[in-house]
Amino acid sequence: MSYGVLQEYFVGHWTLQGGRALTGIIGTTSNGVMYLSMPLLFGLFTKRWARYRRTAAISGTLLACASFVLSAFSRHVWHLVATQGVLAAFGCTLMFSPLTLSLGEWFNVENRICNRALAYGICLSTKNIVGSVCPFVFRGLLDRYNFRVTMIVWAAISAGTGFVSILMIQTPRSSLASSTPRGRKIPWHFLKHRMFWIYSVATLLQSAGYGIPQTYLSEYARNVSALSPTFSTLLLTLINIPGICSSTFFGFLSDNKHFHLSAPTVTAISAISSALAALLFWGLAARGGIALLILFALTFGFFASAYSATWGGIMNEMEKDAADNNEAIDSGVLYGLLNGARGIGYVSGGLLSVPLLKAGSSSHVGNFGYGTTYGPLIIFTGLSLAFGGWGIAFTPQWKKLVHLR
């Protein structure tokens, strides 16, 4: 959530061997590794290894902290990719996956889902709280000390907060009771349903564009809009602040029983609104213009950050379809696979961002973002975000998108 600060710092403090352009893939690779690991880890810890959830979380925290410390001593750019982009990311996932499974199970009482989407939304909003504070933490540490000290301090913060939170989490007894060495077979019936593939592709496409502003907006503010390092850091914070409320709000929309919006509608609101923000506000931001960049950060942060919170509604609808067809479905595995699709999107977006940046105009053409080297990147971001809402096109009857009760 804060990698853009490091990306911008490398512009004037590059001491590593290798091309600096490769640092553009670290943030998106980190997110990609996290999400790509989730299908496997969610499947393993759903029932088969439920009794090892806390052990896995502790191991993941240790791996992540050790990786951050190792990254402080990097001498080549690929060292950063390996430590921050891969190892630390996998460690974080090893902590996140088993604990998130427990969260979903605590909100499944006697096989009746109790505001699970809202619970996911509230917990997902905390990432935006961290994302609002950490850019200034990183900026302060980088300005006062250096990259090495910053990474060591961050490792210590991660260790302290990680271990305290793990001690507060308990696995539901129902999961521990069914945890056996052989485990049980995972029902894969949902793979035959079109709805799963529609939402998986939509998540992949939305994620390809979602990570780009968090990586390049701070750099864009410095290079194109000639803004100060403090203000470019502020833009990252402005992206994260609206997500504190929006994730909870979109979770509420998915669970609201009085004015119920279908899952395609909720995902389309998030995807299309964030796409318009990128194409209209970021793309039309004039050189030296501050207002449109602020407006983009706020609107993009509100609508794009909430996309994951719409998955609670998707899971509710798929569980209803499974019940209507008298089929079993494992919500933990389903949630893990949606995260896997998100990971493929993150990695794809990160890999594409480097050639897209090179394809942009080397000299500014006009006064808007489209005429800069970031132009192709902005267009790609807007289009990929918009396709994240394509599920609405597969709704058989538009009149049923909104149900009044």
Side-chain angles (χ1 to χ4, degrees), residues 1-5 7-8 27 31 121-122 124-139 206-253 266-310 349 367-370 372 374-375 377-386 388-389:
M1 302 297 291
S2 308
Y3 180 73
V5 177
Q7 173 76 0
E8 188 266 331
N31 283 303
I122 293 173
L124 287 171
S125 69
T126 60
K127 78 179 188 297
N128 296 97
I129 296 175
V130 176
S132 301
V133 176
C134 279
F136 288 101
V137 173
F138 282 123
R139 171 58 61 189
Q206 193 270 350
S207 302
Y210 175 60
I212 289 176
Q214 298 180 61
T215 300
Y216 290 102
L217 185 60
S218 181
E219 182 180 322
Y220 177 92
R222 286 286 305 277
N223 296 342
V224 177
S225 298
L227 300 178
S228 66
T230 300
F231 195 90
S232 61
T233 302
L234 177 63
L235 287 176
L236 291 181
T237 298
L238 293 179
I239 286 179
N240 286 291
I241 287 177
I244 298 172
C245 300
S246 66
S247 292
T248 302
F249 175 70
F250 275 82
F252 169 77
L253 287 181
V266 178
T267 55
I269 291 173
S270 170
I272 296 175
S273 298
S274 57
L276 290 174
L279 295 173
L280 295 179
F281 300 144
W282 190 11
L284 296 178
R287 278 185 285 173
I290 298 177
L292 284 182
L293 285 179
I294 293 176
L295 194 57
F296 165 68
L298 292 173
T299 52
F300 174 83
F302 183 86
F303 291 104
S305 297
Y307 193 84
S308 297
T310 67
N367 292 322
F368 302 124
Y370 292 118
T372 68
Y374 299 89
L377 208 61
I378 295 171
I379 295 173
F380 172 79
T381 300
L383 292 178
S384 61
L385 289 171

### Query
How far apart are the C-alpha atoms of S308 and F250, what are their side-chain angles, what is the distance that settles it, and do they pass the side chain to side chain contact (heavy atoms under 4.5 Å, CB included) test?
CA-CA 9 Å; S308 297; F250 275 82; over 6 Å; no
### Task
Begin from the C-alpha positions of F296 and L280 and carry the test side chain to side chain contact (heavy atoms under 4.5 Å, CB included) through to its verdict.
CA-CA 8 Å; F296 165 68; L280 295 179; over 6 Å; no
### Query
Can you check side chain to side chain contact (heavy atoms under 4.5 Å, CB included) on V130 and T126, steps first, answer last?
CA-CA 6 Å; V130 176; T126 60; 5.7 Å; no
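No donor-acceptor pair under 3.5 Å is formed between the side chain of S270 and the backbone N or O of A306. When atom types are taken as modelled, the side chain of S384 and the backbone of G209 share a donor-acceptor pair closer than 3.5 angstrom. Checked by atom type and distance alone, the side chain of Y307 never pairs as donor or acceptor with a backbone atom of S207 at under 3.5 Å. No donor-acceptor pair under 3.5 Å is formed between the side chain of T310 and the backbone N or O of V266.
The side-chain heavy atoms of T299 and S274, taken from C-beta on, include no pair separated by under 4.5 Å. Looking at F380 and L385, their side chains never come closer than 4.5 Å, going by heavy atoms from C-beta outward. I294 has its side chain out of reach of F281: every pair of non-hydrogen atoms, C-beta onward, lies at least 4.5 Å apart.
We find the CG-CG distance between L383 and L279 to be 6.0 Å, quoted to the nearest 0.5 Å. Here N240 contributes atom CG and S246 contributes atom OG; the two are 10.0 Å apart, rounded to the nearest 0.5 Å. If you take CD on Q206 and OG1 on T381, they are separated by 11.0 Å, rounding to the nearest 0.5 Å. To the nearest 0.5 Å, atom CD1 of residue I378 and atom OG1 of residue T372 are 5.5 Å apart. How far CZ of F300 is from OG of S273: 12.5 Å, rounded to the nearest 0.5 Å. Interatomic distance, L234 CG to I239 CD1, rounded to the nearest 0.5 Å: 10.5 Å.
Aromatic ring orientation, F249 versus F302: tilted (interplanar angle from 30° to 60°).
Across all their heavy atoms, S305 and G243 have their closest contact at CB-CA, 4.0 Å. The minimum heavy-atom distance between L298 and P242, with the atom names listed, is O-CG, 3.4 Å. Across all their heavy atoms, A275 and G382 have their closest contact at CB-O, 3.2 Å. Taking every heavy atom of both residues into account, L293 and L235 meet most closely at O-CD2, 3.9 Å. Contact record, L377 with I212: CG-CG2, 3.6 Å, taken as the closest heavy-atom pair.
Ring to ring, W282 and Y374 are not that close: their centroids are 6.0 angstrom or more apart.
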